[in-house]
Amino acid sequence: MTTTIHVDENCLFCKIVKGTIPSFKIYEDEHTFVFLDINPIADGHMLVIPKYHGETLGDLPDDVLSKLLPVAKKVALATGVPQYNIVQNNGKLAFQHVFHVHFHVVPKPNEKEGLIIGEQNWPQKPLDKDALAATAERIRNKL
Ligand code: AMP
Ligand code: ZN
């Protein structure tokens with residue numbers, strides 16, 4: 001059984017959980033903490049984090065990780081905005097800035113607010129079945 005007491009004293013989000021840095025708290029339970037993003041891309045943009053400190057998803061024990069999505073669902077529904085995105089970045093190249101795992105819950109009330117994904121930031125390649133087959137095999141072999 002994993003303990004939830006796993007804290008990095010220099011971590012911004014661990015300090016928010018502890019209360020030494022203030023936040024606009026939305027929800028808290030034994031394993032999970034939710035607060036408003038300080039620079040929201042939509043009204044109600046929240047961050048759902050484990051109390052257990054892990055830099056990226058791969059650092060979290062499965063029992064910690066399994067607590068997060070049900071809470072993300074609960075707070076997303078509480079915004080009253082029926083359309084929303086859940087975003088989770090891992091690593092600098094992948095646009096992570098705070099190295100304590102967090103799920104962004106971002107309401108999408110209209111076309112202008114919230115997450116915007118265009119061709120430029122979702123650069124899809126044309127269908128290549130051979131490449132897909134090779135990729136699928138490579139990943140399956142690592143499971
Ligand atoms: P990411 O780029 O995925 O690592 O997201 C980090 C998020 O944390 C950004 O959206 C920031 O606006 C947010 N953030 C940074 N500092 C704080 C803070 N003190 N309170 C709330 N949100 C914060
Ligand atoms: Zn932390």
Side-chain angles (χ1 to χ4, degrees), residues 1-128 131-132 134-143:
M1 186 59 195
T2 310
T3 170
T4 54
I5 313 294
H6 189 261
V7 172
D8 177 343
E9 285 178 3
N10 298 314
C11 167
L12 172 64
F13 285 178
C14 285
K15 289 178 186 169
I16 284 178
V17 169
K18 205 173 159 195
T20 51
I21 288 183
S23 69
F24 292 94
K25 182 167 94 174
I26 300 291
Y27 173 86
E28 177 178 12
D29 63 27
E30 189 188 341
H31 303 281
T32 307
F33 195 95
V34 185
F35 55 106
L36 291 180
D37 194 296
I38 206 169
N39 297 124
I41 61 169
D43 185 41
H45 179 175
M46 292 173 269
L47 301 173
V48 177
I49 69 172
K51 291 186 174 177
Y52 183 109
H53 175 88
E55 288 197 3
T56 59
L57 212 57
D59 298 321
L60 291 186
D62 286 351
D63 63 327
V64 171
L65 183 58
S66 69
K67 308 290 188 214
L68 294 172
L69 269 186
V71 172
K73 178 178 110 177
K74 188 201 295 269
V75 296
L77 295 178
T79 68
V81 179
Q83 302 188 56
Y84 54 89
N85 297 94
I86 308 278
V87 179
Q88 199 270 316
N89 301 326
N90 294 279
K92 256 188 198 158
L93 265 182
F95 310 104
Q96 183 179 11
H97 298 92
V98 178
F99 290 88
H100 177 131
V101 169
H102 48 282
F103 286 78
H104 295 259
V105 174
V106 188
K108 186 67 182 165
N110 54 55
E111 285 187 357
K112 284 192 177 153
E113 289 173 85
L115 188 67
I116 295 169
I117 300 176
E119 274 177 33
Q120 210 184 348
N121 41 23
W122 196 268
Q124 291 188 290
K125 290 184 179 156
L127 173 64
D128 178 342
L132 294 180
T135 299
E137 192 178 357
R138 190 187 75 235
I139 296 171
R140 278 195 304 262
N141 287 340
K142 296 274 184 189
L143 290 177

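Order of appearance sets the numbers: ligands from 1, and atoms from 1 within every ligand.
- Put simply, the residue from N89, N85, I86 that forms a side chain to side chain contact (heavy atoms under 4.5 Å, CB included) with H104 is N89.
- Residue-level contacts of ligand 1 at the 4.0 Å heavy-atom threshold are L12, F13, I16, F35, L36, D37, I38, N39, L47, N89, F95, Q96, H97, V98, H102, H104.
- The Zn ion (ligand 2) lies at the vertex of an angle of 110° between the ND1 atom of H100 and the SG atom of C14 (rounded to 10°).
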Evaluate the side chain to side chain contact (heavy atoms under 4.5 Å, CB included) criterion for residues I41 and V106: first the C-alpha distance (whole Å), next the side-chain angles of each, then the deciding distance (0.1 Å), finally the verdict.
CA-CA 7 Å; I41 61 169; V106 188; 3.6 Å; yes
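- For the pair P50/L60, a side-chain contact is recorded, criterion being any heavy-atom separation below 4.5 Å from C-beta on.
- Nearest to the Zn ion (ligand 2), among the N, O or S atoms that H53 has, is ND1.
- Under the salt bridge (charged side-chain N to carboxylate O under 4.0 Å, His left out) criterion, the residue pairs touching residues 8-29 are K25-E28, E28-K51, with sequence neighbours excluded.
- Ring-plane geometry between F33 and F35 is classed as tilted, the angle between the planes lying from 30 to 60 degrees on a 0 to 90 degree scale.
- Using a 4.5 Å heavy-atom threshold, the side chains of Y27 and V48 count as separate.
- Taking 4.5 Å as the limit, some side-chain heavy atom of L65 sits within range of a side-chain heavy atom of L57.
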